[in-house]
Amino acid sequence: RRRDLHRAVGQAIEELYADRLADHYEELAHHFALGEGWAKAFEYLALSGDKARDTYANEAAISHYTRAIEVASRATPELALPTVLEVYQRRSRLELVVARNEDAIAGLERMLALARAAGDRRLEGEALADLAFTHAFTLSWEHQPVAARYADEAAILAREIGDDRILAKALSTRGNVHCAYGELDQGVRLIEESVRLGEPLGAPAVYLNGLWYLGQVLNWRGEFRQAIEVQRRVTREAQAIHDEFNEGIGQWSLGLAHIGRGLYIEARAALDDGLIKALERKSHYNVGRITNSLGWLHQEFGDFQRALELDREAAELGRRHKIGNVEVSAQINIGSDLVRKGEPGPALAVLEGIVDAVEKGRGSHRWRWDMRVSASVAEALLALGRGDEALAWIERAALTARSTGSAKYLGKCHALRGELAILGRRSDDAVTELGEALVIGHRIEYPT
């Protein structure tokens, strides 16, 4: 009797509030679940998840999607598989946002198994592409080969069935992995192809991450003006479709590009707004990354004490949520903060510990961390008057900077060589190296 009453209440709400059902999705899901109207319960749980996602209530959305998946198996007749597996996809993306990476991977592996059991190649391709993306954005070194394997499988399948959506997603992630390995030219080619395929589909969710990554590479290469324009577009389009993942990283990267050009007021505005949103939405990656970037911002304009406080906070956030990129980047910043505060000895101790972590693959961009930490070690050694030791670290950073087109760090290496020449009283060499650094600084408009 209680079951029948719940079902009757659900039907009554549908009739009474037909013109504003969205206000009652959660209530409808509750009554149809208790009334064992499983198809209706699934429908309203999924809609409740979408509603929570669109207001950035990420944990609530994950809870609704999980419950929808649980009731789906009880519906008679069986629900259409694409409808159910789409909920798996939505849930996994939000789990990645809140740094529940293992849960996201487990759900997508279940999606892949269900698609293969049903012989549905399109859904299999979607699962492979999403697994590739999720492994890549764990930002763990050991996950990158797995991401590459899934992306390659998805691309092969997409070409076989002629599905540009799956192919665009697969190529974007494969390009990301190339970039993680420092193979930027190969990565950019694949990501550009992904964006070209994705844009005509009219589905920003397919191409936005690739577009973001192109903006990130522009930032790495010192093309800050172009990076700003790209990240503005990413943030704007992601907001329009409630894509929390790309909106968050787009806004963080917009702040980075503004710092590069010395637009500190604009950088602060973008990062502060992004941090408020990330905290509200429990987007742990963005909280850590933005906190780290605020530390860098303070370092750039000489507020080294506040920079140190922010970078230590970011390092702790990275450790707590197991986000290697955040932890390593913040620790490198801590070393640089200490050098600039006039504490090169403690800085060197911090940085030497990071070298070991980087070499063991902490974080997914080993080449970038190695370049950054090498330059910082060189700075600390120069401050300690140990120029002979500094040279090897400068050359190590310069080698990576040249191979990846990292103009800012190439300029920094010239500047460090100039300081080394001053230390050795080689005035002509100092003028040459500092002149090269200045040329790069002017070209990329990097004021510091």
Which pairs with one or both residues in residues 327-361 pass ring-ring contact (aromatic ring centres under 6.0 Å, His included), sequence neighbours excluded? none
Across all chains, not counting sequence neighbours, the side chain to side chain donor-acceptor pair (under 3.5 Å) partners of N333 are D311, R372
What pairs with R261 under salt bridge (charged side-chain N to carboxylate O under 4.0 Å, His left out), at least two apart in sequence or on another chain? E445
Do H30 and E27 get their side chains close enough for a donor-acceptor pair, meaning under 3.5 Å? no
Is the distance between the ring centroids of W220 and W367 less than 6.0 Å? yes
Holding to side chain to side chain contact (heavy atoms under 4.5 Å, CB included), I want the full list of residues that pass it with F304, two or more places apart in sequence or in another chain. Q299, R340, K341
Please tabulate, for the side chains in residues 381-394, all donor-acceptor contacts under 3.5 angstrom to protein atoms that are two or more places apart in sequence or on a different chain.
unit_1, atom_1, unit_2, atom_2, d
R386, NE, E389, OE2, 2.9
R386, NH2, E389, OE1, 2.9

Non-neighbouring partners of E142 that pass salt bridge (charged side-chain N to carboxylate O under 4.0 Å, His left out), sequence neighbours left out: none
Is there a donor-acceptor contact under 3.5 Å linking the side chains of W252 and S293? yes
For residues 186-206, which side-chain N or O atoms pair as donor and acceptor with protein atoms under 3.5 Å away, sequence neighbours left out?
unit_1, atom_1, unit_2, atom_2, d
S194, OG, A168, O, 2.6
E199, OE2, R233, NH1, 3.2
E199, OE2, R233, NH2, 2.8

Out of the candidates L112, L85, I161, only one should pair with E124 under the side-chain contact (heavy atoms from CB on, under 4.5 Å) rule; please name it. L112
With R396 via salt bridge (charged side-chain N to carboxylate O under 4.0 Å, His left out) - residues at least two apart: E359, D370
The side chain to side chain donor-acceptor pair (under 3.5 Å) partners of T404 (sequence neighbours excluded) come to S406
Contacts of E280 that satisfy side chain to side chain donor-acceptor pair (under 3.5 Å) - sequence neighbours left out: none
Classify the ring geometry between H284 and H321 as parallel (under 30°), tilted (30 to 60°) or perpendicular (over 60°). parallel
Around atom CZ of R110, are there more than 12 heavy atoms of other residues, nucleotides or ligands at under 6.0 Å? no
Which distance, rounded to the nearest 0.5 Å, do you find between the CD of E419 and the CG of L416? 5.5 Å
The side-chain contact (heavy atoms from CB on, under 4.5 Å) partner of E247 among R281, H242, E237 is R281
Test side chain to side chain donor-acceptor pair (under 3.5 Å) applied to R306 - qualifying residues, sequence neighbours left out: E309
Distance from Y65 atom OH to L94 atom CG, nearest 0.5 Å? 6.0 Å
Just distance, no hydrogens or angles: give the donor-acceptor pairs under 3.5 Å from side chains in residues 96-109, sequence neighbours left out.
unit_1, atom_1, unit_2, atom_2, d
R100, NE, D103, OD2, 3.3
R100, NH1, E59, OE1, 3.0

Do W296 and F301 make the cut of ring centroids closer than 6.0 angstrom? no
Minimal non-hydrogen separation, P344 against A380, with atom names: CB-O, 3.8 Å
